[in-house]
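A short write-up of the structure that comes next.
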Amino acid sequence: MTHSHGLREYWETTGAAHTFTHPLDRELLARRVPADARILDYGCGYGRLVAELADLGYGDVEGVDLSAALVARGRSMRPELRLSAVEGLPLPFPDGSFDAALLFAVLTCVPEEETQAATVAELARLVRPGGALYLSDVPLQSDERHLARYREARPDGAAYGVFAIADGGVFRHQDPERLRGLLERSGFEVAEERRDEVPTLDGHTVTRIQLVARRA
């Protein structure tokens, strides 16, 4: 399973130059994921969170991303990190290989429902029973700026909450109920939910949703 051709090209070119801003909630992570856990960061980009986890003392962290350009950028910045570019799903790991997985601002970059579902299902395969999925993403916003985006910048035929930006990127803000259902259908049980304000790529702020779910 991969992105559509246009989205994949975007993340190999224009999108690969972005500086990501979606922050890790260190206190939430520490309570739910021990430092000796084997962790997968799916959609790791240039390894920003992999580097942060390593600096916090998490010693067994691996990052994968569909963008070879982003992974190459990360390797040049922190050569010691374990970052890999992958072609798509399934990932090259056995079932239950990880104690925890991160999915940070990834689904917002995946507008297609089929691809979102396949991504969560693959993480359910890779996280051991009793392990954790720490998902952080952007729910549907209620301010007028975003409502206008949803109305006016939606590609033809796209779901509500999908919008295009000026540099060619296409993003999706999530219906929280649908997001919870996506986790539950893949065998995750939501254990904790938080919301806060975080910065965006373009210098604005959004409300984000964080869900920590246990693999049943």
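- Judged by distance alone, the side chain of E62 and the main-chain N or O of I39 form no donor-acceptor pair under 3.5 Å.
- A pairwise comparison of heavy atoms in R78 and A54 identifies NH2-CB, 4.5 Å as the closest pair.
- Contact annotation: the side chain of P111 never approaches that of F171 to less than 4.5 Å [non-hydrogen atoms, C-beta and beyond].
- Residues Y150 and L201 share a hydrophobic cluster, clusters being chains of Ile/Leu/Val/Met/Phe/Trp/Tyr side chains in contact below 4.5 Å.
- Interatomic distance, C109 SG to H18 NE2, rounded to the nearest 0.5 Å: 9.0 Å.
- Between atom CG of residue L83 and atom SG of residue C44 there is a gap of 5.0 Å, rounded to the nearest 0.5 Å.
- Formation of a donor-acceptor pair under 3.5 Å by the T205 side chain with backbone atoms of P199 is not found in this model.
- We find the CG-CG distance between L183 and L123 to be 10.0 Å, quoted to the nearest 0.5 Å.
- Listed here is the closest heavy atom pair of A118 and L89: O-CD1, 3.5 Å.
- In this structure, a donor-acceptor pair under 3.5 Å is present between the side chains of D167 and Y10.
- Residue Q141 comes nearest to L147 through the heavy atom pair O-CD2, 3.8 Å, listed as atom of the first residue, atom of the second, then distance.
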Could you walk me through whether V138 and V198 pass the side chain to side chain contact (heavy atoms under 4.5 Å, CB included) test, one step at a time? CA-CA 9 Å; V138 183; V198 298; 5.8 Å; no

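- Linking Ile, Leu, Val, Met, Phe, Trp and Tyr whenever their side-chain heavy atoms come within less than 4.5 Å leaves I209 and L28 in two separate clusters.
- With contacts defined as side-chain heavy-atom distances shorter than 4.5 Å, the pair V120/Y42 does not qualify.
- Ring planes of F163 and H173: perpendicular class, angle over 60° (limits at 30 and 60°).
- Annotation: the span from T119 atom OG1 to L66 atom CG amounts to 8.0 Å, rounded to 0.5 Å.
- Of the possible polar contacts, one joining the R38 side chain to the S97 backbone as a donor-acceptor pair under 3.5 Å is found.
- In this structure the side chain of R75 never reaches within 4.5 angstrom of the side chain of E80, judged on heavy atoms.
- Between L135 and L179, the closest side-chain pair of non-hydrogen atoms falls below 4.5 Å.
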Candidate pair H146 and V206, rule side chain to side chain contact (heavy atoms under 4.5 Å, CB included), full reasoning: CA-CA 9 Å; H146 281 99; V206 290; 3.6 Å; yes

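- Although no hydrogens or angles enter the test, the distance criterion places a donor-acceptor pair under 3.5 Å between the side chain of D65 and the main chain of G45.
- For the pair E113 and R172, the salt-bridge criterion is met [side-chain N within less than 4.0 Å of a carboxylate O].
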Could you go step by step and tell me if E192 and L211 meet the side chain to side chain contact (heavy atoms under 4.5 Å, CB included) rule? CA-CA 6 Å; E192 187 167 352; L211 299 171; over 6 Å; no

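- Between the side chain of Y58 and the backbone N or O of E52 there is no donor-acceptor pair closer than 3.5 Å.
- Side-chain heavy atoms closer than 4.5 Å link hydrophobic residues (I, L, V, M, F, W, Y) into clusters, and following such links, possibly through other members, connects L182 to L40.
- Here the side chain of R125 pairs a donor or acceptor atom with the backbone of F93 at under 3.5 angstrom.
- Closest approach of A124 to S186, counting heavy atoms only: CB-O, 3.1 Å.
- Between V50 and R82, every side-chain heavy-atom pair lies at or beyond the 4.5 Å cut-off.
- Checking side-chain atoms of Q174 against main-chain N and O of L107 turns up a donor-acceptor pair under 3.5 Å.
- Side-chain contact between Y46 and M77 is present, with at least one heavy-atom pair separated by less than 4.5 Å.
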Where do S84 and V71 land on the side chain to side chain contact (heavy atoms under 4.5 Å, CB included) test, with the steps shown first? CA-CA 6 Å; S84 302; V71 168; 5.7 Å; no

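- Under the 4.5 Å side-chain contact rule for hydrophobic residues, V110 and L91 share a cluster.
- Remark: E27 does not engage R32 in a salt bridge, criterion side-chain N to carboxylate O under 4.0 Å.
- Inter-residue side-chain proximity for L56 and L24 is flagged as met; some heavy-atom pair is nearer than 4.5 Å.
- Residues A101 and V127 approach most closely at CB-CG2, 3.8 Å, considering heavy atoms.
- A salt bridge does not link E189 with R215: none of the charged nitrogens is closer than 4.0 Å to a carboxylate oxygen.
- No continuous path of ILVMFWY side-chain contacts below 4.5 Å connects V64 to L81, so the two sit in separate hydrophobic clusters.
- Looking at E12, its side chain does come within 3.5 Å of a backbone N or O of A68 through a donor-acceptor pair.
- Residues D202 and T200 have side chains that bring a donor and an acceptor to within less than 3.5 angstrom of each other.
- Of the charged side-chain nitrogens involved, none lies within less than 4.0 Å of a carboxylate oxygen, so that R208 and D137 do not count as a salt-bridged pair.
- Atom-to-atom distance recorded for L49:CG and S136:OG is 9.0 Å, nearest 0.5 angstrom.
- How far CZ of R185 is from CZ of R178: 8.0 Å, rounded to the nearest 0.5 Å.
- R73 contributes a side-chain N or O that, together with a main-chain N or O of A16, makes up a donor-acceptor pair within less than 3.5 Å.
- Of the possible polar contacts, one joining the R48 side chain to the H22 backbone as a donor-acceptor pair under 3.5 Å is found.
- Shortest non-hydrogen contact noted between A213 and F188 is CB-CB, 3.7 Å.
- Legend: ring-ring contact (aromatic ring centres under 6.0 Å, His included) pairs involving residues 110-136, not counting sequence neighbours, sorted by first then second residue: F104-Y134.
- For the pair L102 and L53, the minimum side-chain heavy-atom distance is below 4.5 Å.
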